[in-house]
Number of protein chains: 2
Amino acid sequence: MNQRDIAKLAGVSSATVSRVINKDKKVSPKTAKKVLQVIKENGYVQNAMARNLRMANTKTIGYLVPDIKNPFFIAMLSGFQEMCFKQGYDIIFENTADDPEKEKKALDTLLRYRVAGLLAVFVDSDNEYIDVFGNMGIPVVMIDRKSKAVQKNDYLMIDNIGGVGQIVDYLVSLGHTDIAMIYGPQELTPGEERLEGFHRAMKKNGIPIKEEYLMPGLFTEEGGYHAVQKLLQLKNRPTAMIGGNNLTTMGAYKALVDYKINIPDEVSLAGFDDFPFAAHLQPPVTVIKRPNTNMGRVAAELLLERISKGEEGKDIQPRSIVMPTQLCIRKSCTQMKSLKTK
Amino acid sequence: MNQRDIAKLAGVSSATVSRVINKDKKVSPKTAKKVLQVIKENGYVQNAMARNLRMANTKTIGYLVPDIKNPFFIAMLSGFQEMCFKQGYDIIFENTADDPEKEKKALDTLLRYRVAGLLAVFVDSDNEYIDVFGNMGIPVVMIDRKSKAVQKNDYLMIDNIGGVGQIVDYLVSLGHTDIAMIYGPQELTPGEERLEGFHRAMKKNGIPIKEEYLMPGLFTEEGGYHAVQKLLQLKNRPTAMIGGNNLTTMGAYKALVDYKINIPDEVSLAGFDDFPFAAHLQPPVTVIKRPNTNMGRVAAELLLERISKGEEGKDIQPRSIVMPTQLCIRKSCTQMKSLKTK
DNA sequence: GTGAAAGCGCTAACAC
DNA sequence: GTGTTAGCGCTTTCAC
């Protein structure tokens with residue numbers, strides 16, 4: 001069942017059917033009514049492939065992330081999808097599972113489908129495909145992970161350095177100096193920047209960093225757990241610990257619970273990134289919040305703007321936007337006892 | 001840049017280019033090599049719209065859910081996506097946000113894109129569009145929410161009744177008889193069945209249900225919280241509470257914490273559906289686990305089977321699959337004190 | 001092993 | 001206000 005079939009049944013030409021479907025004003029109400037009726041009676045549904053082919057564009061946008069299970073990517077998807085839907089764009093979803101091979105395949109698919117734009121958190125951010133999008137005039141917004149491609153595309157990230165600074169300043173204000181940082185992989189931008197932020201903030205506060213308080217946490221729950229185990233074996237334990245990301249903090253919390261270390265009386269705990277149950281734990285965990293859902297919205301805005309401007313959009317310089325973080329104080333950090341008793 | 005352009009540059013016909021791209025054996029290695037090279041040099045990317053139009057099929061599958069933020073739909077997506085990817089299918093993602101209007105629009109899009117199949121958790125499960133998929137030969141797998149359409153399509157759900165039975169039996173085995181059920185909306189299949197399951201299990205155990213222990217929880221966190229507030233005001237408080245779904249249980253837990261009710265010494269708490277931090281709370285919460293990710297895989301199998309069989313697939317009768325649940329005992333339920341002291 | 005040509009379903013320029 | 005027609009980029013039959 002196609003437009004020609006409908007045309008025959010309605011006694012008009014296929015061009016008229018097309019006009020009716022696309023709400024072209026230049027069709028008499030009577031003809032339109034007739035056509036619409038025939039369409040309904042026969043359950044005709046427009047063929048998007050033929051339309052897109054003819055129009056040489058699509059109303060689809062690619063969403064590519066490395067891990068669908070990470071709460072952050074979900075929250076972002078939610079904001080992103082909401083904005084895209086409003087503008088009539090649908091989303092082709094790709095999960096790379098942190099595998100560069102899958103990423104390549106996914107990008108190829110997106111390219112073949114001629115998506116109108118792409119939101120991506122790349123695994124292999126120096127991927128050869130990224131430039132292909134540019135060459136084909138498809139705008140890309142990159143999230144979180146920096147690379148050479150940032151010079152050519154819009155880039156959205158959060159203020160990792162400032163965020164860690166907020167935690168450190170807070171802990172220092174409570175009198176802590178023995179602060180441990182459970183950091184993430186240094187080849188990932190967030191891992192690198194948050195550790196850098198720790199160094200800077202400690203320096204700013206004039207506090208020397210103890211090497212043994214710098215503990216890798218791999219940005220995983222297990223990593224955070226093991227990091228705490230090691231930290232607890234130290235002769236001089238830190239009085240405060242910072243989780244490098246949500247999973248790390250969750251693992252750290254669990255370890256402290258398992259080893260029956262009282263939070264915050266024996267050790268203060270704070271984390272980068274909020275997580276679903278953080279506010280309901282005992283004690284509720286103090287964290288740096290980032291605007292997850294909103295980040296998806298902003299990304300959509302950047303992308304949709306470029307898409308709607310078409311060729312002109314290329315004149316817009318690549319934008320790098322750094323979104324602010326927010327310290328959310330709950331009850332997992334406390335004043336140093338030594339200070340209290342002074 | 002299309003196949004014709006490549007053909008010219010390589011000094012062959014567009015038919016040959018097509019054959020090379022589709023790995024047709026009947027092309028001399030020499031020609032193939034030449035063509036491949038020209039393709040690479042010019043950054044040619046196949047046009048999926050043209051291909052799909054010509055082939056009259058697509059390698060895309062629709063995934064439609066009412067709430068992207070629900071951990072369950074994410075976990076399911078993860079398993080579903082994994083299976084589909086293996087078979088070369090990509091996913092067009094639709095979020096209806098529990099809005100029938102958005103659902104209609106989303107289904108229309110999916111139809112226009114001629115998806116090869118659809119996985120859907122419908123809001124309006126008596127939607128007129130569902131039949132259109134059937135009429136167009138597009139297989140549909142429905143999840144969780146029953147409707148008339150179940151008679152025509154594959155349907156996947158979990159054993160809600162049996163699951164609640166497992167909790168009740170467990171609580172009864174601990175000596176509880178004053179058990180409260182915080183149930184969900186009765187117009188949703190899971191809400192209805194879990195309450196039904198509660199009735200049946202209590203009857204089976206020969207325990208009369210106290211009306212005031214049946215509390216609506218709306219399947220939301222707030223609902224669970226309020227339900228517990230009301231339960232605590234009762235003259236004769238229940239000794240055990242069951243959360244109707246993950247959100248309800250989370251809210252219930254939070255309320256008990258806020259009101260300083262000791263779990264499990266003052267009240268035992270168990271829930272339907274696991275949730276991310278359940279195992280790390282103090283105490284860890286006993287729940288009914290459902291095979292979330294696996295459910296996505298099974299759904300994919302049902303769908304991919306029908307897709308691959310094409311017309312023949314229609315001969316397969318609609319299947320209703322009920323997946324088993326599993327009781328995961330943690331530490332939020334305890335033996336009744338009266339029994340202990342006996 | 002390769003090429004010519006038709007046609008998938010649609011839209012839009014042009015003619016009336 | 002409506003019809004005729006070309007062509008978007010691809011695959012595939014049929015020749016050779």
Side-chain angles (χ1 to χ4, degrees), chain A residues 1-36 38-39 42-60 88 108-109 111-116 136-138, chain B residues 1-36 38-39 42-60 88 108-116 136-138 310:
Chain A
M1 181 72 32
N2 56 32
Q3 290 187 0
R4 217 172 34 249
D5 298 330
I6 298 296
K8 267 181 212 156
L9 291 167
V12 297
S13 76
S14 72
T16 298
V17 175
S18 173
R19 289 193 186 100
V20 171
I21 289 172
N22 294 292
K23 302 199 173 77
D24 189 320
K25 302 281 175 189
K26 289 172 272 183
V27 181
S28 78
K30 201 180 149 192
T31 332
K33 198 182 159 191
K34 174 72 183 161
V35 171
L36 253 13
V38 176
I39 286 178
N42 293 273
Y44 163 78
V45 182
Q46 194 186 43
N47 184 315
M49 262 84 62
R51 179 173 216 269
N52 290 343
L53 176 60
R54 177 60 225 241
M55 309 272 284
N57 71 32
T58 68
K59 294 285 263 181
T60 54
D108 185 50
T109 304
L111 244 15
R112 286 189 294 103
Y113 272 97
R114 301 289 193 272
V115 288
M136 294 185 60
I138 302 174
Chain B
M1 181 71 35
N2 56 33
Q3 289 187 1
R4 216 171 37 247
D5 298 328
I6 298 295
K8 268 181 210 156
L9 290 169
V12 296
S13 76
S14 69
T16 299
V17 175
S18 173
R19 290 194 184 101
V20 171
I21 289 172
N22 293 294
K23 302 202 174 76
D24 189 319
K25 303 281 176 191
K26 289 173 272 182
V27 181
S28 78
K30 202 179 147 191
T31 332
K33 199 181 158 191
K34 173 72 184 165
V35 170
L36 252 13
V38 176
I39 287 178
N42 293 273
Y44 164 78
V45 182
Q46 195 187 41
N47 185 315
M49 262 84 61
R51 178 173 218 270
N52 290 344
L53 175 60
R54 178 60 227 243
M55 308 272 284
N57 71 32
T58 68
K59 295 285 262 181
T60 54
D108 184 51
T109 303
L110 262 12
L111 243 16
R112 285 188 295 104
Y113 273 97
R114 301 290 193 271
V115 288
M136 295 186 59
I138 302 174

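Naming: A, B, ... by sequence-line order, numbering from 1 per chain. Note that these values count all heavy atoms, side chains included, but never hydrogens, waters or copies made by symmetry.
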Protein-nucleotide distance ([X], atom [atom1]; [N], atom [atom2]), rounded to Å:
| X | N | atom1 | atom2 | value |
| --- | --- | --- | --- | --- |
| R51(A) | dC10(C) | CZ | P | 10 Å |
| N57(B) | dT11(D) | CG | C1' | 12 Å |
| M55(B) | dG9(C) | CE | P | 14 Å |
| K8(A) | dG3(D) | NZ | P | 14 Å |
| L53(B) | dT12(D) | CG | P | 13 Å |
| D5(B) | dG7(D) | CG | P | 15 Å |
| R4(A) | dC10(C) | CZ | C1' | 10 Å |
| N47(B) | dC8(D) | CG | C1' | 8 Å |

Hey, does [X] reach any base, or is it just sugar-phosphate, or nothing, if we go heavy atoms under 4.0 Å?
| X | value |
| --- | --- |
| N22(B) | sugar-phosphate |
| A56(B) | nothing |
| T16(B) | sugar-phosphate |

Closest non-hydrogen atom pair, V38(A) against A10(A): CG2-CB, 3.8 Å
Whether N22(B) side chain and D24(B) backbone form a donor-acceptor pair below 3.5 Å: no
Sidechain-backbone polar pair: T58(B) side chain, N52(B) backbone, donor-acceptor under 3.5 Å: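 No, the answer is negative, given that no donor and acceptor are paired below the 3.5 Å cut-off.
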R51(B) and I21(B): CA distance, side-chain angles, deciding distance, side chain to side chain contact (heavy atoms under 4.5 Å, CB included) verdict: CA-CA 12 Å; R51(B) 178 173 218 270; I21(B) 289 172; over 6 Å; no
Using OP1 and OP2 only, check whether a side-chain N or O of [X] sits under 4.0 Å from [N].
| X | N | answer |
| --- | --- | --- |
| T31(B) | dT2(C) | yes |
| Q3(B) | dT11(D) | yes |
| N2(A) | dG9(C) | yes |

Residue whose nearest DNA chain C nucleotide is more 5′ - S13(B) or I21(A): S13(B)
Along DNA chain C (nearest heavy atom to each residue), the more 5'-positioned of S28(B) and V17(A):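 On the 5' side of the pair lies S28(B).
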Upstream residue (5' side of DNA chain D) when V12(A) and M49(B) are each assigned their closest nucleotide: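 Nearest nucleotide further toward 5': that of V12(A).
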Polar side-chain contact R114(B)-dG9(C) base: donor and acceptor under 3.5 Å: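 No pair found.
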Close side-chain approach of I138(B) to V115(B), heavy-atom, < 4.5 Å: yes
Nucleotide of dT11(C), dG1(C), dG7(C) approaching S14(A) most closely (side-chain heavy atoms):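 Of the options given, the side chain of S14(A) lies nearest dT11(C).
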